[in-house]
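Quick notes on the structure that follows.
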Amino acid sequence: MKVICTEKSQILATSLARVLKTNVVEVRYSRFPDGELYLAASELDDETVIVGSIVDNDALVQLLLLIDACDNSTNRLVIPYMGYARQDKRFKPGEPISARAVARVFSTGVSEIITINIHEKEVLKYFPIKVQDISLAKDIGAYIKSLNLCDPLILSPDEGALSFAEEVASAGGWDCDHLEKTRLSGTEVRMAPRKLCAASRSVFIVDDIISTGGTIATAAGMLYQQGAQDVYAACVHGVFTSGAYIHLTGAGVKEVICSDTIERGCSRISAANRIAAALRKC
Ligand code: R5P
């Protein structure tokens, strides 16, 4: 068995290959003069784990090309970050269900798929083949443990992400709550933990995705006003669009961390062990 990956998932693929005690196939990635993508894989195997996060449109096309390049192999596909998953419904007439479109396209040429903390579990039903979604919540919990903070409070930005936050908090038996938004006036909102008090505590806001960072930056400012000692932010998928990382640190967030489903300078957690365990179960 060998691992093969798209250009933007090289680090995770290498970590995964180490755990699986195998090699990553070398791939030459380039572009035709008209902008179309090209790739050529070196020595392929008859069993392949293909790894590629859909972080942008080029990554999506590269992943399609890789699967086709591996057409003489038995393939399992790992999509660590599935872009387009947030358009999981037709919100307005005429829109595509983008998550379904992506799920259908990537279900050809592979026997099964692994995703990580997919935005909505409902998206899994769009894959016409076997799919497993794995969670890095416990790994975020283990990272928080390594910081040796005194009795941290784990918060989700909203009620929808509370079960994820609870899984993180279970790693240390810490308090957990979700932030609640109260509209004070036409222009003012207040965000505070629903039941607990953040005063004098180290607070970790955890979510599946940090995109613009807007929600967490606003929450951090308010938590400091409520007396929080330090505010940290952790997510699985560090999308960090529109200068999100700077926005968060500017809002006083002491440390922003993510996993390597999207490879970033602040990727402190690797998904490699969890993916390897899921592959062994397949
Ligand atoms: C939304 O449902 C997701 O779980 C995240 O909360 C959202 O993507 C974060 O967005 P932003 O970082 O732009 O506030």
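Order of listing sets the numbers, starting from 1, for every ligand and every atom in it. All values derive from a computational prediction rather than experimental measurement.
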(request) Could you give me the CA-CA distance, side-chain angles and deciding distance for Asn57 and Tyr84, then say whether side-chain hydrogen bond (donor to acceptor under 3.5 Å, both in side chains) is met? (result) CA-CA 10 Å; Asn57 295 336; Tyr84 290 97; 2.5 Å; yes

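- Among residues two or more places apart in sequence or in another chain, the salt bridge (Lys or Arg N to Asp or Glu O under 4.0 Å) test is passed with Lys8 by Asp56.
- Looking at Gln10 and Tyr29, their side chains never bring a donor and an acceptor atom within 3.5 Å of each other.
- Residues with a heavy atom under 4.0 Å from ligand 1: Arg86, His119, Asp207, Asp208, Ile209, Ile210, Ser211, Thr212, Gly213, Gly214, Thr215.
- With hydrogens and angles left out, the side-chain atoms of His237 and Thr261 include a donor and acceptor closer than 3.5 Å.
- Between Glu47 and Arg76 there is a salt bridge, with a side-chain nitrogen of the basic residue lying less than 4.0 Å from a carboxylate oxygen of the acidic one.
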(message) Could you go through Glu120 and Lys89, starting from their C-alpha distance and side-chain angles, then the distance that decides it, and tell me whether this counts as salt bridge (charged side-chain N to carboxylate O under 4.0 Å, His left out)?
(response) CA-CA 10 Å; Glu120 277 295 336; Lys89 299 182 182 59; 5.7 Å; no

